[in-house]
Protein chains: 2
Amino acid sequence: MADSRTTRSEGLGASSPAPAVTRAAAVLEALADSPSGRLTLSDLSRELGIPKSSTSNLLLALEEARLIIRQGADFALGRKLVELGAAYLSRLDEVQEFYKYCEQAPTLSGETVRIAMLDGDHVIYLARYEGHPAVRLTSNIGDKMPVSLCSVGKTLLAQLHDHDIEAMFPDGMELPTMTANSLRTAEELKAQIATIRKQGFAFEDEESTVGVVCLAVPVPTHGAHGPSLGLSVTALKATYSEEQGALMVKELKELARSLGNPMG
Amino acid sequence: MADSRTTRSEGLGASSPAPAVTRAAAVLEALADSPSGRLTLSDLSRELGIPKSSTSNLLLALEEARLIIRQGADFALGRKLVELGAAYLSRLDEVQEFYKYCEQAPTLSGETVRIAMLDGDHVIYLARYEGHPAVRLTSNIGDKMPVSLCSVGKTLLAQLHDHDIEAMFPDGMELPTMTANSLRTAEELKAQIATIRKQGFAFEDEESTVGVVCLAVPVPTHGAHGPSLGLSVTALKATYSEEQGALMVKELKELARSLGNPMG
DNA sequence: GGTTATTGTTCAGCAGATTGAACAATGAAT
DNA sequence: ATTCATTGTTCAATCTGCTGAACAATAACC
């Protein structure tokens, strides 16, 4: 939780074409990363290394834009961010298609399916289809998850070049863990990636949550740009069978293929 | 669609404590409002009245912060906004409680329930519980809706002071419509608000979608600040009955009360 | 209550971001 | 091909937003 602090620490040193904007973005990020989600002017000034008077100006401007709000003495993220985030998602054609496909897929339509996107060494969940009301995930849209801890993360990693993976996970690096089954070292992760590349899909066996298994496939990126997306199904280990898994992978792959092709 | 143009038009004239930030926010908003979600540097420069060279600087800084991304020639909202929006929602304790309550409520647990927030003359949907997989709303989290067109919007309006309502909807004002049942004038809206205040809940009869009815209640705002929230249930008119409606209103009110009390 | 350590605000001077005109690079039209 | 229109980039001069020290206003402490 507190380890990603160094990432932001300075970084503002490098001159920006519009420093005020870069700093404002840092403010938003600091608020998002803060455990309580609320920071005072002084907190922000101290943490980001920005003079108080400047911080005050930034906060005033951000507040006027409703990107943040005052709550008594301290500041928190504003509701406009929900709007902007939603605007982003609504433009992502893949999300619309994702819902439609899930609803009419023979096996998937009864499961919990998610579409996620790579964001550095984390994965962000963009949308969730729930075909099985009994099993409900605690995770929400927009949540972040370390790549090494979920099957989607690993499929997305598997699509990167080896030197990128090496840069993110140098040998000997310890990984964050959540259960006894979680991968522990960079070496284990790379071994799994090799398997995923061979199989074309990832399987996760109680690595993030006890009692839960996961299957995931990558969405082939059409063209150069565009985010790398992945699909996953989550199922209870108790009711999971290999045959069912094979069916789900087949449907996931079909959906992934259709998402990859610009024209459905 | 194109009528809200004037709102943003200048507005930047008023001096800001950090103009670059205010302009950057305007850029994000312009991208969110744009039908295609993609605008070029020149588009933005023209629309916002910012010199091209300055716009270029803003875009570079925003891109570096990953609040926007380049897509060939033009720019679009970035995925970081999803993250920030999610961070906002995750701090909203009400959303967590909302899910929990819906799951174990006798009647609501089988329906589609949503929690929404007032944002000017629109309503933003923050979370959606779906107990009935057969009926799936096309609306997504973060979507916006004119207040006058949905029951949640009207309950939230009903909580405002009369002079605020008068300012937003002066007599004679025409309202946006979506079906034959949609309210058409400010007078009709105010009459409904009076009814809602008496009843304590709002009923919507195919005013936004044919074949769909809605019930909504406001969440009492505890203390001075904090957003005004509302809850709604959506049901098919075909299967809707008054008795069922009464049950749902009862449960909605209970949930609203518990959300209103800081300590559950 | 008096002291100390905070907090957020104010303001004048300087560092520096902003600007517009001129530039090159692309694409549309003749 | 040649022109025309438009795009995004470059750069030096200027205007202005940023800064830090001093301020007032709380809050925490003994």
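Just the heavy atoms: all of them, side chains too, but no hydrogens, waters or symmetry mates, feed the values below. Letters A, B, ... mirror the listed sequences (proteins, then strands); counts begin at 1.
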What closest approach, in Å, do B:S208 and B:L149 show between heavy atoms, and which atom pair accounts for it? CB-O, 3.3 Å
Atom [atom1] of [X] and atom [atom2] of [N]: how far apart are they, to the nearest Å?
X: A:L58; N: C:dA17; atom1: CG; atom2: P; answer: 13 Å
X: B:L41; N: D:dT6; atom1: CG; atom2: C1'; answer: 12 Å
X: A:F75; N: C:dT7; atom1: CZ; atom2: C1'; answer: 12 Å
X: B:E47; N: D:dT7; atom1: CD; atom2: P; answer: 13 Å
X: B:L59; N: D:dT7; atom1: CG; atom2: P; answer: 14 Å
X: B:L44; N: D:dG8; atom1: CG; atom2: P; answer: 9 Å
X: B:K52; N: C:dA24; atom1: NZ; atom2: C1'; answer: 12 Å

Consider the side chain of [X], meaning its heavy atoms from C-beta on, and name the nucleotide among [options] that approaches it most closely.
X: B:R46; options: D:dT7, C:dT18, D:dC18; value: D:dT7
X: A:P51; options: D:dT9, C:dT7, D:dG20; value: D:dG20
X: A:T40; options: D:dT7, D:dG17, C:dG8; value: C:dG8
X: A:S53; options: C:dG8, C:dT18, D:dG20; value: D:dG20

Taking C-beta and beyond as the side chain, do A:F169 and A:L157 meet within less than 4.5 Å on heavy atoms? yes
Walking DNA chain C from its 5' end, the first of A:L60 and B:N57 to be reached, judged by nearest nucleotide, is A:L60
Closest-nucleotide 5' rank along DNA chain C - winner of A:A73 and A:A20: A:A73
Note: A:K190-A:D171 ion pair, threshold 4.0 Å (strictly below): yes
Looking at [X], I'd like to know whether one of its side-chain N or O atoms comes within less than 4.0 Å of OP1 or OP2 on [N].
X: B:S42; N: D:dT7; answer: yes
X: B:S56; N: D:dT9; answer: yes
X: A:R23; N: D:dG17; answer: no
X: A:R70; N: C:dG8; answer: no

Donor-acceptor pair, B:R38 side chain versus B:F75 backbone, under 3.5 Å? no
Measuring from A:E94:CD to A:Y99:OH, what's the distance to the nearest 0.5 Å? 13.5 Å
